[in-house]
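Numbers for residues simply follow the sequence, beginning at 1.
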Amino acid sequence: PARRALCHRRVAETFVAQSGHNHSTIEAQIALHFERAGLVMRALPYYLQAAQSAKRIYANEEAVNYFEHGIMLLAEIAGPTNVERSDLEQLYIDIYTGLGDTQVTVGNYASAREAYRVALQHISPHEHLGQAIQRRKIGDTQSTQHYYEEALSTYRMSERLFDNAS
């Protein structure tokens with residue numbers, strides 16, 4: 001197992017080195033090899049990039065799968081870890097926001113709203129702009145589903161947060 005993990009690590013690092021900064025076609029492969037090497041924190045940004053790339057070309061089911069796989073990996077490392085807490089929080093925010101955006105694209109507004117709410121839980125209470133953006137996204141899903149009173153309340157809260165950010 002240790003030898004196999006080392007091989008996966010070397011393959012992933014070779015892919016990264018060979019592709020320079022343009023990983024768009026092999027992000028998922030890089031992520032998989034880092035994951036199999038036991039380097040989950042190195043794999044997660046590549047799963048996020050793979051999901052974003054899939055979403056850009058309207059491969060929404062594939063994007064959702066990558067986001068959900070990233071969420072599963074986040075759950076595995078959610079306990080005590082030597083990972084910088086802010087890095088982990090940002091991954092939660094980025095992955096759940098991306099999942100929410102993709103769910104909106106395919107019309108799954110309740111799922112999108114839930115993803116945005118999870119992302120919101122990982123945004124610092126002092127990060128008014130980030131909170132305002134997530135709340136606006138939540139309000140958009142409420143409005144689309146004709147939950148106008150809830151949407152209005154959410155938009156007002158977003159506006160107050162935005163004003164505090166300025």
Problem set entry | Q145 atom CD, over 12 foreign heavy atoms within 6.0 Å |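 Yes, CD of Q145 has more than 12 neighbouring heavy atoms, counting only those of other groups under 6.0 Å.
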Exercise. Apart from Y148 itself, what residues make up its hydrophobic cluster when side-chain heavy atoms of I, L, V, M, F, W and Y under 4.5 Å apart count as a link, directly or indirectly?
Worked result: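 In the cluster with Y148 there is nothing else; it is isolated.
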Problem set entry | Fellow cluster residues of I133, listed by chain then number, with links counted only when side-chain atoms sit under 4.5 Å apart |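 Result for I133 is L129, F162.
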Tell me whether [Y] is reachable from [X] by hopping between hydrophobic residues (I, L, V, M, F, W, Y) whose side-chain heavy atoms are closer than 4.5 Å.
| X | Y | answer |
| --- | --- | --- |
| V40 | F67 | yes |
| V64 | M72 | yes |
| L73 | I77 | yes |
| L48 | L44 | yes |
| L120 | L99 | no |

Do the non-hydrogen side-chain atoms of [X] and [Y] ever get within less than 4.5 Å of each other?
| X | Y | result |
| --- | --- | --- |
| E35 | L39 | no |
| V106 | Q103 | yes |
| Y116 | Y96 | no |
| R113 | Y147 | yes |

Under a 3.5 Å distance rule, please check whether [X] uses its side chain to pair with a backbone N or O of [Y] as donor and acceptor.
| X | Y | answer |
| --- | --- | --- |
| S143 | G139 | no |
| Q131 | S124 | yes |
| S158 | T154 | no |
| S153 | E150 | no |

Rounded to the nearest 0.5 Å, what separates atom [atom1] in [X] from atom [atom2] in [Y]?
| X | Y | atom1 | atom2 | result |
| --- | --- | --- | --- | --- |
| D101 | Q52 | CG | CD | 9.5 Å |
| M157 | L152 | CE | CG | 11.5 Å |
| Y92 | D87 | OH | CG | 13.5 Å |
| L74 | E68 | CG | CD | 12.5 Å |
| H33 | I26 | NE2 | CD1 | 9.5 Å |
| K55 | T105 | NZ | OG1 | 3.5 Å |

Polar side chain donor-acceptor pair, [X] to [Y], under 3.5 angstrom:
| X | Y | result |
| --- | --- | --- |
| R56 | S53 | yes |
| Y109 | D140 | no |
| E61 | N65 | no |
| H122 | Q90 | no |

Which heavy atom in [X] sits nearest to a heavy atom in [Y], and how many Å separate them?
| X | Y | result |
| --- | --- | --- |
| T102 | A63 | CG2-CB, 4.1 Å |
| A28 | A50 | N-CB, 3.8 Å |
| T141 | A112 | CG2-CB, 4.1 Å |
| F34 | R42 | CZ-NH2, 3.2 Å |
| A151 | Q142 | CA-OE1, 3.3 Å |

Exercise. Going by the angle between their ring planes, with limits at 30° and 60°, are Y66 and Y47 parallel, tilted or perpendicular?
Worked result: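 Tilted: the ring planes of Y66 and Y47 meet at 30° to 60°.
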Problem set entry | Step-by-step side-chain contact (heavy atoms from CB on, under 4.5 Å) determination, K137 to T97 | CA-CA 9 Å; K137 288 174 180 270; T97 299; 4.1 Å; yes
Exercise. Given the rule in the side-chain contact (heavy atoms from CB on, under 4.5 Å) test, do V104 and T144 qualify, once you have shown the distances and angles that lead to the verdict?
Worked result: CA-CA 10 Å; V104 164; T144 301; over 6 Å; no
